[in-house]
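In what follows, every heavy atom counts, from backbone to side chain, and hydrogens, waters and symmetry copies are set aside. Residue numbers start at 1 and run along the sequence shown.
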Amino acid sequence: MKKVVAKTSEIREGEIKAFKVDGKQIILVKNGGKIYALSRFCTHEEADLSTGFLLEDRLVCPLHLSQFDLKSGAALTPPATEPLASYVVEVVEDMVVLDF
Ligand code: FES
């Protein structure tokens with residue numbers, strides 16, 4: 001199901017922003033001009049990834065520094081081993097639309 005989550009102007013380059021959509025906690029991340037959508041909480045011990053940071057094309061957990069692939073959500077470094085949920089993002093005019 002497709003859902004409008006935000007306006008593109010709400011997310012600046014390099015920013016990680018939390019949103020709640022249909023009860024799901026997600027983050028939108030803008031990196032290299034592209035917007036990515038992932039689940040908000042780390043698969044290791046549920047740290048809030050909206051307070052994490054970016055390292056090139058990876059999202060870094062603020063608690064134990066696992067790195068996740070922005071595109072796929074894959075856990076690339078321990079201690080996390082499970083991927084984050086990742087969502088397909090479409091930009092329609094000035095809206096960020098996710099496919100859940
Ligand atoms: S809570 Fe994210 S790596 Fe531990």
Side-chain donor or acceptor of Glu82 paired with backbone N/O of His44 under 3.5 Å: no
Side chain Ser86, main chain Gly73, donor-acceptor under 3.5 Å: no
Gln25 side-chain N/O to Ser39 backbone N/O, donor-acceptor pair under 3.5 Å: no
Contact list for residues 44-61, test salt bridge (charged side-chain N to carboxylate O under 4.0 Å, His left out), sequence neighbours left out: Arg40-Asp48
Donor-acceptor contact present, side-chain Ser66 to main-chain Cys61, <3.5 Å: no
hydrophobic_cluster_shared for Leu63 and Val60, side chain cutoff 4.5 Å: no
Verify same cluster id: Leu49, Ile16 (apolar side-chain graph, 4.5 Å): yes
Close side-chain approach of Val5 to Leu28, heavy-atom, < 4.5 Å: yes
Polar side-chain atom of Lys3 near backbone of Val21 as donor-acceptor pair, under 3.5 Å: no
Where Val97 and Lys2 come nearest, the two heavy atoms and their spacing: CG1-CB, 3.9 Å
Residue pair Leu84 / Leu59, side-chain heavy-atom distance below 4.5 Å: yes
Inter-residue atom distance Met95.CE - Leu98.CG, 0.5 Å rounding: 13.0 Å
For Lys71, salt bridge (Lys or Arg N to Asp or Glu O under 4.0 Å) partners two or more places apart: none
Leu54 with Phe68, same ILVMFWY side-chain cluster at under 4.5 Å: yes
Salt-bridge criterion met for Arg12 and Glu15 (N-O under 4.0 Å): yes
Residues that Tyr87 engages under ring-ring contact (aromatic ring centres under 6.0 Å, His included), provided they are two or more places apart: Phe100
Single-linkage hydrophobic cluster, 4.5 Å side-chain cutoff, Val89 and Ile26 together: yes
Distance in Å, Leu38 CG paired with Ser50 OG, rounded so as to fall on 0.5 Å steps: 12.0 Å
Within 6.0 angstrom of Lys24 NZ, more than 12 heavy atoms from elsewhere: no
